[in-house]
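Notes for the one structure printed next.
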Amino acid sequence: KILKKITYKILKFIIINNYFYKLYLNSPKKIQFEGINNFNPIIQKKKSLQLLISIKNNYFSKEPYQTISLQMHSFDWLTDFKLVGGIDLLKKSRMLVLDWIKCNYKFSSLVWNDIIVARRLINLSINYNFFASTSDTNFKDKINKLVLAHFRHLSLLKKLQYEKLELDIEITKTLLVLSKYFSTDRYFNSIVKLIKKQTIHQINNDGFHKSINVYEQAHFINQLLQIKNILLFYNNNSFIEIDARINDMTSLLKNLFHMDSSLALFNGTNNKKIDYVKNISYLQKDIKIKSLFKVKDGLVVISLEKTKIFFDITKPNSRLLNKQLHSGTLSFEMSHGGEKIITNCGSPEKYFGKNQVFFRYSAAHSTIIINDTNIAELSEKNGYKRIPKKIVNTSEELKSDFILSGSHDGYSKNFGLLIKRIMN
């Protein structure tokens with residue numbers, strides 16, 4: 001497996017750094033792409049609009065990481081421009097897109113990261129009728145060429161992904177909606193099958209996204225809702241389980257808020273995107289909040305009158321999904337009334353960009369720590385290098401009390417100790 005994984009990485013490096021790869025991406029193909037007008041993703045309003053309005057010519061540069069946020073390269077601002085509308089923003093959107101094309105970024109750069117490519121491709125497509133549909137033929141040709149190149153590049157990245165089931169579902173969603181324009185029905189159906197397998201692989205038996213991150217839970221639900229709309233639009237009923245998946249995950253999401261309505265800060269969650277998470281949790285009406293008292297993997301949750309407790313019993317079991325997991329086994333958070341009393345540090349790290357690894361240390365969590373040593377040994381690139389092999393928990397409900405008990409062997413090799421925490 002290791003040899004095969006290395007082979008995939010070497011092959012990817014050789015292909016995307018080859019001179020002929022750019023020729024392939026830009027090779028002509030007769031297309032009549034006029035944007036996607038019937039696809040409406042869940043929109044998270046940004047705060048960048050006033051800044052973008054003041055942007056002058058030649059905004060993008062050859063040094064994208066030093067002067068410009070990677071988030072700008074996702075082209076989310078096109079949606080902001082479209083929402084506000086007006087001829088000035090229309091002209092500015094065309095200027096920015098042309099600036100970006102002129103920079104000719106290398107395919108090995110983070111600008112061509114698969115998630116950023118997927119978001120840029122979607123934003124170009126769903127906002128096409130705003131910034132490109134009334135343009136001249138020359139501009140349209142450039143945009144159509146750009147969109148096709150993005151689709152081909154994203155398709156290749158999927159092929160060169162060793163663990164295809166652990167691709168971000170946002171990538172497969174993007175390939176799904178664009179495949180009807182740039183590929184075949186057979187390809188479309190293959191992406192549907194992959195998505196079905198992803199929902200099984202990336203979601204554990206209790207309904208948690210395996211990252212055990214509240215934002216990622218909401219993000220996954222958002223993608224499933226969009227996929228549902230895509231399938232409905234194309235009259236495809238091959239994923240009959242999708243409603244059950246959405247309802248189960250949403251029911252669980254509704255239970256990940258503290259008494260003060262803030263989020264449970266586990267595994268990189270922070271409150272920066274709380275409005276987005278709330279929006280997703282409210283989309284499905286009349287769904288009962290899922291009980292998380294007897295879960296086997298993820299967060300045990302107790303709600304008792306004005307008190308709420310979260311207890312982390314996450315079992316690291318998927319290397320790619322666990323790249324963002326924190327070493328906080330048996331950590332807990334508690335809120336009472338409108339106050340949060342005990343909390344983890346959370347993490348201010350961005351969805352794109354360099355991780356701030358120290359927020360993942362055990363010391364950043366309300367858990368038991370021995371000799372300033374992490375419960376799990378963390379690797380910035382590969383997630384966990386050493387993990388607890390055995391995490392055991394029991395949840396017992398008495399007449400007027402709850403008893404939570406958890407243990408892990410994360411310190412067994414270092415110190416010959418087993419750790420146990422009991423809360424009642």
Side-chain angles (χ1 to χ4, degrees), residues 163 165-166 168-169 197-221 224 241 244-257 263-269 289-303 308-333 344 347 360 362 365-368 374-378 382-397 402-412 418-423:
E163 294 285 357
L165 295 183
E166 297 194 340
D168 193 297
I169 197 170
K197 292 178 181 179
Q198 283 181 299
T199 59
I200 296 172
H201 179 78
Q202 296 189 23
I203 307 303
N204 71 19
N205 293 332
D206 292 305
F208 284 98
H209 185 267
K210 287 183 180 179
S211 64
I212 318 298
N213 177 294
V214 182
Y215 169 77
E216 292 297 339
Q217 183 86 10
H219 173 71
F220 200 96
I221 295 168
L224 286 182
E241 310 94 342
R245 302 266 187 225
I246 292 170
N247 291 340
D248 186 49
M249 292 188 71
T250 304
S251 174
L252 187 150
L253 180 66
K254 289 177 178 290
N255 206 359
L256 299 182
F257 294 88
L263 302 178
L265 302 182
F266 293 86
N267 300 309
T269 302
I289 295 177
K290 187 173 185 177
S291 172
L292 299 176
F293 183 61
K294 291 289 186 179
V295 302
K296 297 300 181 183
D297 183 14
L299 302 175
V300 177
V301 181
I302 294 178
S303 296
K308 194 159 189 176
I309 295 174
F310 295 86
F311 188 42
D312 186 4
I313 56 164
T314 303
K315 299 176 175 62
N317 53 19
S318 177
R319 182 175 293 274
L320 286 177
L321 286 170
N322 289 352
K323 281 186 177 181
Q324 302 301 323
L325 281 180
H326 291 204
S327 183
T329 309
L330 304 189
S331 65
F332 76 103
E333 293 194 348
N344 295 316
S347 175
R360 300 173 62 199
S362 299
H365 299 76
S366 54
T367 190
I368 302 167
N374 288 325
I375 295 168
E377 186 179 354
L378 301 167
N382 300 313
Y384 286 122
K385 293 172 64 176
R386 168 183 56 79
I387 63 175
K389 293 183 178 179
K390 193 173 184 180
I391 301 174
V392 179
N393 75 290
T394 59
S395 304
E396 186 178 359
E397 182 176 1
F402 293 95
I403 298 178
L404 297 181
S405 174
S407 65
H408 71 78
D409 60 354
Y411 288 127
S412 60
L418 295 177
I419 300 299
K420 187 172 185 178
R421 168 172 263 173
I422 299 175
M423 294 188 294

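Worth knowing before you read on, the calculation uses all heavy atoms, side chains too, and leaves out hydrogens, waters and symmetry mates.
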Next item on the list: Would you please name every residue forming a ring-ring contact (aromatic ring centres under 6.0 Å, His included) with Phe310, sequence neighbours left out?
Entry: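 ring-ring contact (aromatic ring centres under 6.0 Å, His included) check on Phe310 returns His258.
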Checklist line | Which residues share a ring-ring contact (aromatic ring centres under 6.0 Å, His included) with Phe402, sequence neighbours left out | finding: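 So Phe402 forms a ring-ring contact (aromatic ring centres under 6.0 Å, His included) with Phe293.
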How long is the span from the [atom1] atom in [X] to the [atom2] atom in [Y], to the nearest 0.5 Å?
{"X": "Ile368", "Y": "Ile419", "atom1": "CD1", "atom2": "CD1", "value": "5.5 Å"}
{"X": "Ser251", "Y": "Ile289", "atom1": "OG", "atom2": "CD1", "value": "7.5 Å"}
{"X": "Ile302", "Y": "Ile403", "atom1": "CD1", "atom2": "CD1", "value": "10.0 Å"}
{"X": "His209", "Y": "Gln202", "atom1": "NE2", "atom2": "CD", "value": "4.5 Å"}
{"X": "Leu253", "Y": "Lys290", "atom1": "CG", "atom2": "NZ", "value": "12.0 Å"}
{"X": "Ile391", "Y": "Ile313", "atom1": "CD1", "atom2": "CD1", "value": "8.0 Å"}

Note to self: How close do Asn255 and Ser303 get, counting heavy atoms only, and between which atoms?
What the structure shows: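 Minimum heavy-atom separation between Asn255 and Ser303: OD1-OG, 4.1 Å.
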Next item on the list: Could you pull out the closest heavy-atom pair between Ser331 and Arg421, with the gap in Å?
Entry: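 Taking every non-hydrogen atom into account, CA-NH1, 4.0 Å.
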Sub-3.5 Å donor-acceptor pair from the side chain of [X] to the main-chain atoms of [Y], do we have one?
{"X": "Asp206", "Y": "Lys296", "answer": "yes"}
{"X": "His326", "Y": "Gly268", "answer": "yes"}
{"X": "Lys308", "Y": "Phe257", "answer": "yes"}
{"X": "Ser395", "Y": "Lys294", "answer": "no"}
{"X": "Ser327", "Y": "Ser362", "answer": "no"}
{"X": "Ser405", "Y": "Thr394", "answer": "no"}
{"X": "His365", "Y": "Thr367", "answer": "no"}
{"X": "Asp409", "Y": "Ser412", "answer": "no"}
{"X": "Asn213", "Y": "Tyr215", "answer": "yes"}

[Y] side chain reached by [X] side chain, heavy atoms, under 4.5 Å:
{"X": "Ser211", "Y": "Asn267", "value": "no"}
{"X": "Ile169", "Y": "Leu224", "value": "yes"}
{"X": "Phe266", "Y": "Leu256", "value": "no"}
{"X": "Phe208", "Y": "Asp297", "value": "no"}
{"X": "Phe332", "Y": "Asp312", "value": "no"}
{"X": "Thr199", "Y": "Phe220", "value": "yes"}
{"X": "Asn393", "Y": "Leu404", "value": "no"}
{"X": "Ile203", "Y": "Arg245", "value": "no"}

Notebook entry, point to check: With respect to Thr269, which candidate in Leu263, Ile212, Asn344 satisfies the side chain to side chain contact (heavy atoms under 4.5 Å, CB included) definition?
Noted result: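 The option that passes is Leu263.
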